[in-house]
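As the structure lists them, so they are numbered: ligands from 1, and atoms in each ligand from 1. FYI, side chains are in, hydrogens and waters are out, and symmetry mates aren't considered; it's all heavy atoms of this structure.
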Amino acid sequence: MPRIDLHLHTTYSDGSYSPAEVIRFAHEVGVTALAMTDHDTVDGIPEAMKAGAEVGIEVIPGIELSSRFDGRETHILGYFFDWQNETLRSRLRRQQTSRHERNPRVVTKLNQLGLKLSYEEVKAKAGSGSIGRPHIADVLVEKGYVKSVKEAFDRYLAEGAPAYVLRDLPDAREAIGWIHEAGGVPVLAHPHWTKRQGQELQAMCKTLKDAGLMGIEVFYSTHTRRQTSEYLELARKLDLLLTGGSDFHGAAKADIQVGRGKGDLKVTEKLLEPIRLAARHETDELKR
Ligand code: AMP
Ligand code: ZN
Ligand code: FE
Ligand code: FE
């Protein structure tokens with residue numbers, strides 16, 4: 001059945017499969033268009049485009065930016081932007097620097113809590129990609145300190161847990177601006193993650209819309225039916241685009257499949273044209 005998936009991770013950040021492998025999974029379940037949205041990097045895009053062309057899947061330039069809003073971590077997705085844009089690339093280098101500064105501090109905190117691991121071991125897990133907490137979680141699982149990645153986050157790594165380190169993040173409004181500058185469409189990722197709902201979520205989305213937000217990720221692997229309908233209504237109210245994706249990572253979230261989420265996710269192809277048109281409009285505006 002034709003479907004799209006606008007939220008996927010690869011080995012270029014904290015996913016466990018290469019872009020070509022993710023494309024293969026996508027092809028198997030009838031995905032016709034997708035976006036790799038690796039954390040704070042565009043490095044996987046060329047490989048994804050090449051693999052997509054081979055099997056006839058459209059690969060849309062994508063990214064997931066870590067940012068902060070009102071003191072809480074907020075993820076902004078970007079689509080159809082100029083991924084070769086130099087200004088954007090220099091901003092992404094800064095994001096990588098902030099990861100490099102944070103990650104060893106997380107390891108130090110874990111060491112202070114009595115867990116024996118080194119940053120070298122974490123780097124080995126990440127390979128050449130963007131290093132993230134899931135890589136640290138993998139090392140903790142491997143060493144038997146926790147049974148799962150989820151437990152690693154719950155006990156140590158999540159916001160508010162004892163080994164959490166606040167890193168230098170741009171404000172969400174700034175991250176939205178970065179996508180705009182590169183001619184793309186900025187979207188609020190997995191709204192339930194913001195731990196806001198109702199009026200509070202609406203106020204946040206309104207503020208972000210004033211800063212240039214153009215869409216909400218309404219369809220998502222772990223959204224309940226109720227959440228999906230709340231976000232759908234919110235998007236209609238604020239005149240925001242609808243997007244959707246699995247947030248596939250591979251091993252780090254083993255219960256989530258490309259294009260199908262936990263089995264009941266289906267993001268329709270119909271969502272794509274409005275996003276594409278919005279991006280075209282953005283690019284035209286920039287040229288003017
Ligand atoms: P980082 O980008 O290094 O700050 O790590 C954040 C990433 O860790 C998120 O994008 C998710 O992929 C993953 N993550 C966050 N919270 C959890 C959790 N509770 N369980 C599993 N993975 C998580
Ligand atoms: Zn991730
Ligand atoms: Fe995210
Ligand atoms: Fe993600």
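- Atoms of ligand 1 found under 4.0 Å from any heavy atom of D14, numbered from 1 in the order shown, are 7 (C), 12 (O).
- In this structure, R276 pairs ionically with E273, as a charged nitrogen and a carboxylate oxygen lie closer than 4.0 Å.
- Excluding waters, the protein N/O/S atoms found under 2.8 Å from the Fe ion (ligand 3) are E64 OE2, H75 ND1, H190 NE2.
- The closest donor-acceptor contact from the side chain of D168 to the backbone of S98 lies at 3.5 Å or more, if one exists at all.
- The closest heavy-atom contact to atom 2 (O) of ligand 1, among the options K253, R99, H135, comes from R99.
- Less than 4.0 angstrom separates some heavy atom of H249 from each of these atoms of ligand 1: 12 (O).
- Using a 4.5 Å heavy-atom cutoff, the side chains of V42 and P61 are not in contact.
- For ligand 1 and W193, the ligand atoms under 4.0 Å from any heavy atom of the residue are 9 (C), 15 (C).
- By the 4.0 Å heavy-atom criterion, P134 is counted among the residues contacting ligand 1.
- Contact annotation: H75 has at least one heavy atom less than 4.0 Å from an atom of ligand 1.
- Proximity of E64 to ligand 1, defined as any heavy-atom pair under 4.0 Å, is not found for any part of the residue.
- Screening H135, H75, H249 against H9 for a ring-ring contact (aromatic ring centres under 6.0 Å, His included) leaves a single residue, H249.
- Among the candidates T37, L34, L6, the single residue satisfying the side-chain contact (heavy atoms from CB on, under 4.5 Å) test with I60 is L6.
- Residue, atom and distance of the protein heavy atom nearest to atom 19 (N) of ligand 1 are F153 CB, 3.3 Å.
- Of all protein heavy atoms, the one lying nearest to atom 6 (C) of ligand 1 is R133 NH2, 3.5 Å.
- A salt bridge between E230 and K237 is absent, with no side-chain N of the basic residue lying under 4.0 Å from a carboxylate O of the acidic one.
- For ligand 1 and G132, the ligand atoms under 4.0 Å from any heavy atom of the residue are 3 (O).
- In this structure, the side chain of E159 engages the main chain of E73 through a donor-acceptor pair within 3.5 Å.
- Interatomic distance, NZ of K270 versus CD1 of I4, reported as 11.5 Å (0.5 Å rounding).
- A 4.5 Å side-chain heavy-atom check between L208 and F69 finds at least one atom pair inside the cut-off.
- When the heavy-atom distances from atom 4 (O) of ligand 1 to R167, K150, R102, H39 are ranked, the shortest goes to R102.
- Here K123 pairs with E120 in a salt bridge; the nearest charged N to carboxylate O distance falls below 4.0 Å.
- The N, O or S atom of H9 lying closest to the Fe ion (ligand 4) is NE2.
- Ring geometry, F25 versus Y17: the interplanar angle exceeds 60°, so the pair is classed perpendicular (tilted spans 30 to 60°).
- In this view, Y231 and H223 satisfy the ring pair (Phe, Tyr, Trp, His ring centres under 6.0 Å) rule, not counting sequence neighbours.
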